[in-house]
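Written below as structure tokens is the structure these notes are about.
Reckoned from all heavy atoms, side chains included, excluding hydrogens, waters and symmetry mates.
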Amino acid sequence: MLATALIILLVFGTVYLIVQQSVYNNLDWDLSFEANKHLSEVDIIGDSVHFINMNEMKELEHREIQVNPVFIQIVGTDGHVYDKSPNLKEQHLIFRKNHTNEDHFNAELVNRNIRQVQIPIRRGGVIRGYIVAAMSLEASLMVLKNLGTILFVLFPIVLLGLFFITSFLAGRSIIPVVAISETTNRITRNNLNERVNLPNSRDELYDLSSSINSLLDRIQDAMHREQQFTSDASHELRTPLSVLRGTLEVLIRKPRAQEEYEAKIQYSLLEIDRMANIIDQLLEIARFDSNPELNSRSSIAIDSLLTEILAHRNPDIFSKGLHIGIDNQCNESIFIHHFHGRLILDNILGNAIKYSSTGGQIGIRIFLDEKGVCCEISDGGIGIRQEDLIQLFNPFFRSDALNHKEIKGTGLGLSIAQKAAESIGASISISSELGKGTLVTIHFKEILRNI
């Protein structure tokens, strides 16, 4: 409202100044016209200056009704009045010696405001006197006074009117904002299903409401995945603990042979190892969530990294009699993130080895494209059902796990690989056909060279 008041004040002030300037310009034009008109009626005799025909001027004043009379006066350079119009009677117009040019100024005549102009009378390039012309300023000042009064009265009226109008419009425009605020205040951790109603018009509030709804969708999805993850983690950890408890309870019921004790202990140790593996993988996922840039600046050549991973996986490869084929189409050493690249490739290769049939073949192809380096890992294993492909990166998800109980796993490997890929801007895509095998494509968008 303060800004509005200043703007209105500026507008009213500008209007007043424009009208004032127009009034004075009109008066000054009329004065200059009258003074120059009478300039040709002046006669100089010796040192005195007079009107040529004063009688005609008197008759003209009697014949015409002058609404705004003009007062004319002739003065010498010393201020002596030589002649004047009859309507001045005994009065004299003010003469200002410092106003030697055609200057306009305000003055008074019989306590009434007038507007004057002084025009020099020249003969032979010498100033012999001045014609002083004046007109009443009372009507013009009255107009300006009335205008000032009107603007002064209108100022608070306009300001109050704008205040109520803008308050009304602001109240109407803020209704959707209030609705958004009330809706978001009702949304809690246990009530994430409610959404903000979208306005009918596609304006900024529509975009804001849509963004809030999208944010709530992401939060709800994250909460759902967190709850599912917690539930699955609890189940996966509870299972080996239940097995251990049952095994130990059986052992203490009665004395048993040495061989039976050793077998049960070996079985318990395997379950402990399985539980430790689950915990390690859960910690790995937690590390990515808390510090996604972990060790992202170390690098290694991709062919060297694959050699390390295959050497580590060699016992599993040998036990299943698998054949590994590597097709490196790159003419130079290509470097990728060491820590993240190892997590990605180790998990993908581990799955390829795990789900390949005995005596099968695993193919690895490395090539460059316009975006970076690609690594394709294919196997001829059991394959994946099409409806399960979209869930492969969910923690603890295992496709058709009940029909393949002999294949051990936690369902965390691909989730870890996906998080590692997201941390370095890589992408993982999987295509598969049930009973024929799986093809995994890892696209490293950024190529690193000896960082």
Side-chain angles (χ1 to χ4, degrees), residues 227-287 307-324 342-343 345-362 377 379-385 388 391-417 432 434-435 437-438:
Q227 293 171 356
Q228 186 65 39
F229 178 81
T230 303
S231 175
D232 293 339
S234 300
H235 173 75
E236 292 293 333
L237 291 174
R238 190 182 298 112
T239 300
L241 287 174
S242 300
V243 172
L244 284 174
R245 182 181 181 85
T247 301
L248 294 175
E249 286 177 348
V250 169
L251 285 178
I252 62 174
R253 285 180 183 174
K254 63 179 180 179
R256 300 179 183 277
Q258 181 70 22
E259 294 78 7
E260 190 173 356
Y261 277 116
E262 291 179 357
K264 293 298 182 181
I265 291 174
Q266 289 293 336
Y267 180 77
S268 298
L269 290 174
L270 290 176
E271 290 298 321
I272 292 174
D273 290 340
R274 179 187 170 205
M275 187 165 57
N277 184 44
I278 294 174
I279 293 173
D280 289 341
Q281 291 179 317
L282 291 174
L283 290 175
E284 201 70 62
I285 293 176
R287 290 174 68 190
T307 301
E308 289 182 10
I309 295 172
L310 291 174
H312 173 71
R313 297 282 184 177
N314 190 60
D316 296 330
I317 296 172
F318 180 78
S319 65
K320 298 189 72 171
L322 300 176
H323 302 281
I324 308 295
R342 184 179 185 86
L343 284 175
L345 294 175
D346 186 52
N347 278 291
I348 300 301
L349 279 171
N351 284 342
I353 294 169
K354 185 187 302 182
Y355 292 102
S356 290
S357 304
T358 302
Q361 184 170 346
I362 295 176
I377 300 175
D379 64 71
I382 61 177
I384 305 169
R385 293 183 299 191
D388 291 341
Q391 304 183 63
L392 290 178
F393 297 108
N394 295 337
F396 297 107
F397 179 80
R398 298 185 66 199
S399 177
D400 204 17
L402 294 178
N403 293 328
H404 303 284
K405 295 181 179 180
E406 72 283 359
I407 302 176
K408 303 298 181 182
T410 61
L412 292 171
L414 284 178
S415 179
I416 294 173
S432 182
L434 193 62
T438 301

| said: Looking at every non-hydrogen atom in both residues, tell me the closest pair between S268 and T247 and how far apart they are. | reply: OG-CG2, 3.7 Å
| field | side-chain hydrogen bond (donor to acceptor under 3.5 Å, both in side chains) partners for S356, two or more places apart | value | none
| task | Output every pair passing salt bridge (Lys or Arg N to Asp or Glu O under 4.0 Å) with a member in residues 247-259, not counting sequence neighbours, ordered by first then second residue. | result | R245-E249, R256-E260
| task | Taking all non-hydrogen atoms of both residues into account, name the closest pair between I384 and S432 and its distance. | result | N-OG, 2.8 Å
| Nearest 0.5 Å, what's the CD1-CG distance between I309 and N314? | 13.5 Å
| said: With side-chain contact (heavy atoms from CB on, under 4.5 Å) as the criterion, how do I382 and L434 come out once you've worked through the C-alpha distance, each side chain's angles and the decisive distance to 0.1 Å? | reply: CA-CA 6 Å; I382 61 177; L434 193 62; 5.9 Å; no
| task | First locate atom CD1 of I324, then atom CD of Q361, and finally report the distance between them rounded to the nearest 0.5 Å. | result | 8.0 Å
| field | Lys/Arg N to Asp/Glu carboxylate O, K354 vs D316, below 4.0 Å | value | no
| query | Would you say the side-chain atoms of S357 pair up with the backbone N or O of G381, donor to acceptor, closer than 3.5 Å? | reply | no
| note | CG (N347) and CZ (R342) are apart, to the nearest 0.5 Å, by 10.5 Å
| Under the salt bridge (Lys or Arg N to Asp or Glu O under 4.0 Å) test, which residues partner E262, sequence neighbours left out? | none
| request: Could you tell me which non-hydrogen atom of I353 sits nearest to which non-hydrogen atom of R313, and how far apart they are? | output: CD1-CB, 3.6 Å
| query | Taking atom CG of L345 and atom CD1 of I377, what is their separation to the nearest 0.5 Å? | reply | 5.5 Å
| remark: Between the CD1 atom in I362 and the CG atom in D379, the distance rounded to the nearest 0.5 Å is 6.0 Å
